[in-house]
Amino acid sequence: MTHFETALIFNDYYFQLKNIYQKIEKKILSNKGKIDLEDYQFNNHVGDITKNINWTWAINKKSIQLFKNILNQFQEKINNFFENKFNLVGASFITLYESKVSNTDFHYDINSYYDDEKCNTITLIFPLFIEEDMGNLEYIENRETKIYEYQKNKVLVWDACKFEHRTQPYKLTEKKKRVLVSMNLSSNEEWAIKSVTNSLKCQGNLF
């Protein structure tokens with residue numbers, strides 16, 4: 001299996017992360033580049049496979065710790081499911097505030113010639129905010145297109161080299177907001193660390 005779903009615990013760390021996002025949201029939607037909040041630092045990168053999407057990366061130890069606190073509840077499940085040991089390489093908020101998405105392509109998060117049957121790269125996501133009809137995740141499995149419906153209490157974890165996916169196209173009469181929490185992990189394999197690190201740099205990760 002290339003992916004699995006698990007429950008999200010709404011603990012104090014979750015609400016702390018949500019609170020930090022709400023404090024920087026206006027800057028995310030209006031500014032590119034570095035965002036400072038107290039001792040937390042982020043880098044806001046606009047545009048990727050999906051037009052006008054905002055990747056807001058944690059770029060110092062204190063901001064990264066916000067995400068690590070959430071990751072702790074899934075770490076053992078991830079290691080056991082994929083039969084490997086993984087470490088956090090990058091973490092971000094992914095904000096989409098658009099009325100229409102039509103130009104997304106199916107893709108893998110990580111591409112590497114060194115990838116084999118064993119999983120060495122991971123992507124983990126869950127919705128922090130999601131309004132109605134904001135589109136789900138489309139993915140390809142056994143040459144068939146399937147749909148994963150985002151749920152606020154569920155986390156989707158996948159092999160970043162083997163899970164082919166995209167933002168499901170949609171069209172609304174007004175702009176609506178979707179915010180995903182995204183974390184990228186790698187095993188201790190040198191090629192995996194480099195592959196994930198280099199890929200995230202292209203999306204604005206400066207950590």
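Sequential numbering from 1 along the given sequence is applied to the chain's residues. Being a predicted model, the structure only gives us computed values, none of them experimental. Because only heavy atoms are used, hydrogens play no part in the values below, and waters and symmetry mates are left out as well, while side chains stay in.
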Atom pair [atom1] ([X]) and [atom2] ([Y]), whose distance is rounded to the nearest 0.5 Å:
X    : Y    : atom1 : atom2 : result
N136 : I130 : CG    : CD1   : 6.0 Å
F74  : F126 : CZ    : CZ    : 6.0 Å
Q203 : N198 : CD    : CG    : 11.5 Å
F67  : L17  : CZ    : CG    : 5.0 Å
L206 : N60  : CG    : CG    : 11.0 Å

Does the cation-pi check pass for K18 over F129, that is, NZ or CZ under 6.0 Å from the six-membered ring centre and within 45° of its axis?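 Relative to the ring axis of F129, which defines the angle, K18 lies inside both limits.
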Using the rule given for side chain to side chain contact (heavy atoms under 4.5 Å, CB included), can you reason through Y40 versus I24, listing the C-alpha separation, both sets of side-chain angles and the distance that settles it, and then say yes or no? CA-CA 10 Å; Y40 300 101; I24 64 173; over 6 Å; no
Closest contact, heavy atoms only, P127 versus K154: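 It is CD-O, 3.9 Å.
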Side-chain donor-acceptor pair under 3.5 Å between N205 and W55, yes or no?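 On atom types as modelled, these side chains do not qualify, holding no pair under 3.5 Å.
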Any chance the rings of Y139 and H3 have centres within less than 6.0 Å?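 Ring centroids of Y139 and H3 are less than 6.0 Å from each other.
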Let's go through N11 and Q73 carefully: what are the C-alpha distance in whole Å and the side-chain angles of both, what is the deciding distance for side chain to side chain contact (heavy atoms under 4.5 Å, CB included) to 0.1 Å, and is it a yes or a no? CA-CA 10 Å; N11 55 20; Q73 62 180 278; 3.8 Å; yes
State plainly whether the residues E131 and K177 are in salt-bridge range, i.e. N to O under 4.0 Å.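 Judged by the 4.0 Å cut-off on N to carboxylate O distance, E131 and K177 do not form a salt bridge.
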Only one of N69, V181, L128 forms a side chain to side chain contact (heavy atoms under 4.5 Å, CB included) with Y14, so which one is it?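 Exactly one candidate clears the test, L128.
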